[in-house]
Amino acid sequence: MATEATTANFLNSDFRPVPQPPDFHPEILVSPHDGLHFWQFMIAGSVAGCVEHMAMFPVDTVKTHMQALGTCPIKSVGVRQAFCSILKSEGLPGLYRGIGAMGLGAGPAHAVYFSVYEVCKKHFSGNNPKNSAAHAVSGVFATVASDAVFTPMDMVKQRLQLGNSAAYKGVFDCIKKVLKEEGFGAFYASYRTTVLMNAPYTAVHFATYEAVKRGVIEISPENASDERVIVHATAGALAGASAAVITTPLDVVKTQLQCQGVCGCDRFKSSSIGDVVETIVRKDGYKGLMRGWIPRMLFHAPAAAICWSTYEAAKTFFQEINASTESGT
């Protein structure tokens, strides 16, 4: 009876429920799709891709020279020797040969890359930020689409990087001569290899990036907003370096296919990956499949850090614009 009386007292209409403060959750991540439009993802990705590749282009040139077998100017597989040889033969401009092709290809390709990734991530993850499998699968879809855009310009870029000015005078001269002498198929000779390389690369890259980013943020969630650039740069660098080393053999095959017949490099009867691997192993042993892994890692670690930091900064910019537009309506 005493219990019932006590309960009745607490149910008295004079008592008013005290409103509870909302749960505090530090702003670790924005909404799964980040509240952006498709075209905003494309612009953010395009800017990030251009900044990344332009900043790291000299390292990419060294890597291309190291991976091109045959009678090309670079004989040694050492990073320092390759770098010095380029400077000796062509000077500082030699490190930037082909950058125009990179500029034409990187922007559109990364616009496709990041926008497809974001759309697929939203679709496959089920709004679960810890779904690493969804991040990996989304990365694969993104690379298949973006490689279709980027592969032709990547082929032009690598041919120009080899430094044979007698063969090609520039981007458009290279495009014209390849079309005339080798046909349209030459632009996509390495597409299958590129996809087979970039599919595991992006699967490892995106899964590692999302996992590291989440782990770094969980260590200090109260500082997540203040350290956003550091978080993205750290996660991007680790993701880029690990994925780059794993996929180096296929990158060597891709370079061989794209540079065949240029500057004395081998020409292959088909675009078969097995034939290229056999040629590389015969001429340089199994170590030849890892040619350029150091500059590749040195390229992708800072490049990924730059790319992700720029991409997330661009997304934040668009988020603020969208928020101000919504508050004004």
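Throughout, residue positions are numbered sequentially from 1 according to the sequence presented. Treat the numbers as computed from the prediction; the structure is a model and nothing was measured.
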*Enclosure of Phe141 CZ (heavy-atom neighbours >12, cutoff 6.0 Å)*: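 Atom CZ in Phe141 is not crowded, with 12 or fewer foreign heavy atoms closer than 6.0 Å.
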*Show the numbers, then the answer: is there a side chain to side chain contact (heavy atoms under 4.5 Å, CB included) between Val252 and Trp293?*
CA-CA 9 Å; Val252 174; Trp293 74 269; over 6 Å; no
*asked:* Apply side chain to side chain contact (heavy atoms under 4.5 Å, CB included) to residues Met56 and Asp60 and explain how you reach the verdict.
replied: CA-CA 7 Å; Met56 301 302 300; Asp60 184 62; over 6 Å; no
*For the rings on His205 and His300, is their centre-to-centre separation under 6.0 Å?*
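His205 vs His300: aromatic centres not under 6.0 Å.
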*Would you tell me whether Gln158 and Thr255 have side-chain atoms, one donor and one acceptor, within less than 3.5 Å of each other?*
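Result is yes, a qualifying pair exists.
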Does any part of the side chain of [Y], heavy atoms only, come nearer than 4.5 Å to the side chain of [X], both counted from C-beta?
{"X": "Ser85", "Y": "His65", "value": "no"}
{"X": "Leu162", "Y": "Arg97", "value": "no"}
{"X": "Leu95", "Y": "Val62", "value": "yes"}
{"X": "Thr310", "Y": "Glu52", "value": "no"}
{"X": "His53", "Y": "Phe299", "value": "yes"}
{"X": "Ile294", "Y": "Met66", "value": "no"}
{"X": "Tyr191", "Y": "Asp147", "value": "yes"}
{"X": "Asp154", "Y": "Lys254", "value": "yes"}

Would you kindly confirm whether [X] and [Y] end up in one hydrophobic cluster when ILVMFWY residues are joined by side chain heavy atoms under 4.5 Å apart?
{"X": "Met155", "Y": "Ile175", "result": "yes"}
{"X": "Phe124", "Y": "Val140", "result": "no"}
{"X": "Ile321", "Y": "Phe41", "result": "yes"}
{"X": "Val59", "Y": "Met290", "result": "yes"}
{"X": "Leu298", "Y": "Val51", "result": "yes"}

Nearest heavy-atom pair of [X] and [Y]: which atoms, and what distance?
{"X": "Val171", "Y": "Ala101", "value": "CG2-N, 3.5 Å"}
{"X": "Leu257", "Y": "Ala189", "value": "CD1-O, 3.9 Å"}
{"X": "Phe114", "Y": "Gly45", "value": "CD1-CA, 3.4 Å"}
{"X": "Gly49", "Y": "Cys307", "value": "N-SG, 4.5 Å"}
{"X": "Met102", "Y": "Lys157", "value": "CE-CE, 3.7 Å"}
{"X": "Val178", "Y": "Ala186", "value": "CG1-CB, 3.7 Å"}

Output yes when a side-chain donor or acceptor of [X] lies under 3.5 Å from a complementary backbone atom of [Y], and no otherwise.
{"X": "Ser115", "Y": "Met42", "answer": "no"}
{"X": "Ser146", "Y": "Tyr113", "answer": "no"}
{"X": "Ser89", "Y": "Ile86", "answer": "yes"}
{"X": "Thr316", "Y": "Glu312", "answer": "yes"}

*Charged N to carboxylate O below 4.0 Å: is that the case for Glu182 and Arg159?*
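Between Arg159 and Glu182 there is a salt bridge, with a charged N closer than 4.0 Å to a carboxylate O.
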*For the pair Tyr201 and Asp251, evaluate side chain to side chain contact (heavy atoms under 4.5 Å, CB included) and give the outcome as yes or no after the intermediate values.*
CA-CA 10 Å; Tyr201 174 89; Asp251 188 51; over 6 Å; no
*asked:* As a test of understanding, state which of Thr247, Val212, Val204 forms a side chain to side chain contact (heavy atoms under 4.5 Å, CB included) with Ser242.
replied: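 Considering Thr247, Val212, Val204, a side chain to side chain contact (heavy atoms under 4.5 Å, CB included) with Ser242 is found only for Val204.
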*What is the ring orientation for His110 with Phe150, classed by angle as parallel under 30°, tilted 30 to 60°, or perpendicular over 60°?*
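His110 and Phe150: perpendicular rings.
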*asked:* Can you tell me how the ring of Tyr188 sits relative to the ring of Phe184, calling it parallel under 30°, perpendicular over 60° and tilted otherwise?
replied: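 Geometry flag for Phe184 against Tyr188: tilted rings.
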_Gap between atom OH of Tyr96 and atom CD of Glu90 - 0.5 Å precision_ =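 Answer rounded to 0.5 Å: 14.0 Å.
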_NZ on Lys169 to NZ on Lys176, rounded to 0.5 Å_ =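 So the gap between those two atoms works out to 8.5 Å.
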